[in-house]
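First up is the structure itself, then whatever we jot down about it.
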Amino acid sequence: MKHWQEMLEISLVHPGLWPDAAINDRVWEHSVRTVLEDSFFERIEIAPIANPTRRRQFAEWLRVANIKASYLLQPLIFGKELNIHSLNKEEQMQAVKHIIQAMDDAVEAGADRVAIISGPKEWKGKYEDELNRLSDSLLLIDKAAKERNLQLDLELFDTDIDKKRFFGNSEMAADLMGLLEEHTTNLSLLVDLSHVPLLGEKIENTVHNTKSWIGHVHIGNCSIDREDDRFGDKHPYFGYLNGCHSVSEVAQFLKALVEVGYINRSGKAGLGIEIMTLAGEEPGLLIAGAKRTLLKALHALEVELIKDGK
């Protein structure tokens, strides 16, 4: 097995670790530079940047630090309540328009990937009709991504517990990508380990169901204990007492990604770390813990592969 640095492009999801960065310029600048100055990471995943001057500054920082960026449009979609599969055609097209406009901002900010999610789970119409409306919008968004030389990642989200998005489980993902794969060029799936328990799935099943279309992955934790303060999609640190994931689950996820060929393909496989800071927690400690969790999981994976003669 090659050294992990040859196989993986590790990124850090910025918004959840520093929520105050959205409202405090100094926190934003300090936290972004903290990630860019850490050579463990080769990519930063950043929320939309409203200020054009700041976007250009961020792009310059990326060049100087020799690091890549993903532009996360999930905060925009939640904040503006965008729904690219709305029954209301005007609302659907407005959502597509907002996302494409944000892609222009991503280019100005120096990003080479954008990530999106579906709208809410409403079930006002037939499943197939809603899936077709989502497909129609994704064709337009994919075309815009190709024109801007951006990779487009569609994230699988929880459908019933917390955020309650329409698009989430891996069987639906396979259905959708089966419809689209011959008609899109830049669209792929973002599979998040933290969402697997929220969807009631098993790690191996999620990875194998989506194997042909995985473009990026996140590792993270969640709690499905309804009595816990961090129940739902709140991304506690790895090893959290009432959480679902620690070293063994991350190793299991990595092994599945090796088995389907996502890891060990030519080039580096993108893997983002996503944690959310709770009041009183220090981002630096959370990042250190996540790094150690990943490194221990990689070591466990290597030991297992050696035992298996791979």
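Every heavy atom of this structure was used, including side-chain atoms; hydrogens, water molecules and symmetry mates were not.
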[X] (side chain) donor-acceptor with [Y] (main chain) under 3.5 angstrom:
X      : Y      : answer
Glu201 : Ser170 : yes
Asp192 : Leu156 : no
Ser135 : Leu131 : no
Asp158 : Asp162 : yes
Ser223 : Asn242 : yes
Glu60  : Gln57  : no
Arg113 : Ser70  : no
His218 : Leu190 : no
Asp142 : Thr185 : yes
His245 : Gly220 : yes

[X] with [Y]: basic N within carboxylate O range, under 4.0 Å:
X      : Y      : answer
Lys234 : Asp228 : no
Lys143 : Glu147 : yes
Asp112 : Arg43  : yes
Glu29  : Arg26  : no
Glu281 : Arg230 : yes
Glu155 : Arg165 : no

Donor + acceptor pair across side chains of His216, Gln151 (<3.5 Å): no
Side chains of Glu274 and Ser194: do they bring a donor and an acceptor to under 3.5 Å? no
Give, for atom [atom1] of [X] and atom [atom2] of [Y], the distance between the pair rounded to the nearest 0.5 Å.
X      : Y      : atom1 : atom2 : result
Phe58  : Ile44  : CZ    : CD1   : 5.0 Å
Asn66  : Leu36  : CG    : CG    : 10.5 Å
Leu150 : Tyr71  : CG    : OH    : 11.0 Å
Phe167 : Thr159 : CZ    : OG1   : 11.0 Å
Leu180 : Leu139 : CG    : CG    : 5.0 Å
Asn205 : Thr210 : CG    : OG1   : 10.5 Å

In terms of relative ring orientation, are Tyr127 and Phe166 parallel, tilted or perpendicular, with 30° and 60° separating the classes?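 Ring orientation of Tyr127 relative to Phe166: tilted.
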With Glu42, the side chain to side chain donor-acceptor pair (under 3.5 Å) member among Gln5, Lys268, Lys68: Lys268
Nearest heavy-atom neighbours spanning Lys121 and Asp160: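 Result for this residue pair: NZ-OD1, 2.5 Å.
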What closest approach, in Å, do Arg148 and Ile100 show between heavy atoms, and which atom pair accounts for it? NH2-CG2, 3.6 Å
Listed by chain and number, what are the ring pair (Phe, Tyr, Trp, His ring centres under 6.0 Å) partners of Tyr240, not counting sequence neighbours? Tyr237
Please determine whether the number of non-hydrogen atoms from other residues, nucleotides or ligands lying under 6.0 Å from atom CZ of Arg292 exceeds 12. no
